[in-house]
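See structure below.
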Amino acid sequence: MAFDFSHYKKIQDELPAHVMILPVSKTKPVEDLLDAYDNGIKQFGENYVQELVSKAEVMPKDIQWHFIGHLQSNKVKYIAPFVKMIHGVDSLSLLKEIGKQARKNNRIIEVLLQFHIAQEETKFGWSLDDIDQIKKELKDNDVPLVVIRGVMGMASFVDDTTVIRKEFGQLKKCFDGLKSQMSVQFDIISMGMSGDWPIAVEEGSTLIRLGSVLFGARN
Ligand SMILES: *Cc1c(COP(=O)(O)O)cnc(C)c1O
């Protein structure tokens, strides 16, 4: 299945105006992305550095690319020349490396701070308990050319919607806890995927990352 534009429109029509859809195209062939592009989609989320770089090379230059996967510091340099936003910033050292690469490329890179809200051990990110420490680190370490736009998180893969709702609520709390110290551009809460976006929106999401409901199931 290629990009399901009618479903995209249907979800968009249901959303409050302050919520944006980021189509997640990881593992999907360039033809599917071009199909979406021809329908007016100008931004995509990707998880893997090599895949993102090779897609960006062959696709139109007016696309805004979001890196939503786990990023190792030594790979920032590959995406820094063109990436619009990096969602998974989970350490000060990664933030600093993004700043270094932004300077090298003389361009602004937007980032989101990733929080660990799920029960699962394997997910990366800071925890709610780290808020004071993060505030201090950010105050002591201004990183020019990096604009911190907000927070990102993933809820547990469980059926129990009360668990999912609680976790999204926690991410909203992280956002609220940081907001007073951040710039006016700190306005994004990236939460919600194909299976849980309606709950995320109810809990305050401003950006939902949708893969399989738009591009079909991944192998
Ligand atoms: C793959 C992925 C998505 C999209 O997942 P779907 O369930 O297919 O919508 C969203 N966010 C992140 C971080 C992902 O890795």
Side-chain angles (χ1 to χ4, degrees), residues 1-12 14-15 19-30 32-33 35-36 41 43-53 55 63-72 75-76 79 83-91 94 98 110-127 149-161 163-165 167-168 170-172 174-175 188-219:
M1 184 186 91
F3 183 75
D4 188 342
F5 187 67
S6 66
H7 197 52
Y8 174 88
K9 283 297 289 175
K10 186 166 164 286
I11 295 173
Q12 198 177 43
E14 278 176 42
L15 290 173
V19 185
M20 183 179 95
I21 302 172
L22 176 66
V24 173
S25 48
K26 64 176 178 222
T27 80
K28 296 296 171 182
V30 165
D32 289 9
L33 281 72
D35 180 35
I41 305 298
Q43 50 179 4
F44 297 97
E46 288 281 340
N47 281 56
Y48 309 103
V49 169
Q50 189 49 56
E51 184 181 349
L52 170 54
V53 169
K55 282 176 172 168
I63 290 171
Q64 297 186 336
W65 295 99
H66 291 237
F67 188 80
I68 64 172
H70 180 65
L71 184 58
Q72 290 168 290
K75 298 210 170 148
V76 176
I79 61 173
V83 74
K84 163 84 172 167
M85 190 182 292
I86 296 172
H87 286 225
V89 176
D90 59 357
S91 71
L94 178 57
I98 295 168
E110 300 180 12
V111 304
L112 302 177
L113 304 176
Q114 182 171 1
F115 282 88
H116 176 100
I117 51 172
Q119 302 160 329
E120 285 120 53
E121 288 288 328
T122 51
K123 290 188 179 144
F124 299 96
W126 279 293
S127 80
R149 291 293 312 269
V151 299
M152 178 265 203
M154 271 184 283
S156 300
F157 288 107
V158 293
D159 292 328
D160 188 346
T161 56
V163 170
I164 296 169
R165 187 178 297 281
E167 292 173 354
F168 285 146
Q170 271 179 354
L171 187 61
K172 175 71 163 67
C174 294
F175 176 84
I188 294 178
I189 303 176
S190 168
M191 62 184 186
M193 306 175 24
S194 292
D196 56 18
W197 68 264
I199 305 173
V201 170
E202 283 170 15
E203 294 304 315
S205 175
T206 70
L207 189 162
I208 57 176
R209 308 176 309 268
L210 302 184
S212 43
V213 286
L214 300 179
F215 285 100
R218 288 178 298 273
N219 293 327

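Bear in mind the structure is a predicted one, so any value in this text is a computation, not a measurement. As the structure lists them, so they are numbered: ligands from 1, and atoms in each ligand from 1.
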Look at the side chain of [X] and the backbone N and O of [Y], then say whether any donor-acceptor pair between them is shorter than 3.5 Å.
| X | Y | value |
| --- | --- | --- |
| H116 | A118 | yes |
| Q12 | I21 | no |
| Q43 | L22 | no |
| S205 | M191 | yes |
| T206 | I189 | yes |
| S25 | K28 | no |

Does ligand 1 have any atom that is closer than 4.0 Å to a heavy atom of M152? yes
Residue part near ligand 1, for [X], under 4.0 Å between non-hydrogen atoms:
| X | value |
| --- | --- |
| H66 | neither |
| M154 | side chain |
| L210 | backbone |

Under a 4.0 angstrom heavy-atom cut-off, which atoms of ligand 1 come close to S194? 6 (P), 7 (O), 8 (O), 9 (O)
Quick check on contacts: which atoms of ligand 1 are under 4.0 angstrom from a heavy atom of I68? 11 (N), 12 (C), 13 (C), 14 (C)
Closest non-hydrogen protein atom to [atom], residue and atom name please, with distance?
| atom | value |
| --- | --- |
| atom 11 (N) of ligand 1 | R209 NE, 2.8 Å |
| atom 2 (C) of ligand 1 | K26 NZ, 2.5 Å |
| atom 5 (O) of ligand 1 | M193 CE, 3.5 Å |

Polar atom proximity, G195 to ligand 1 (N or O, under 3.5 Å): no
Pick one: which of E110, H87, R209, K84 meets side-chain hydrogen bond (donor to acceptor under 3.5 Å, both in side chains) with H66? H87
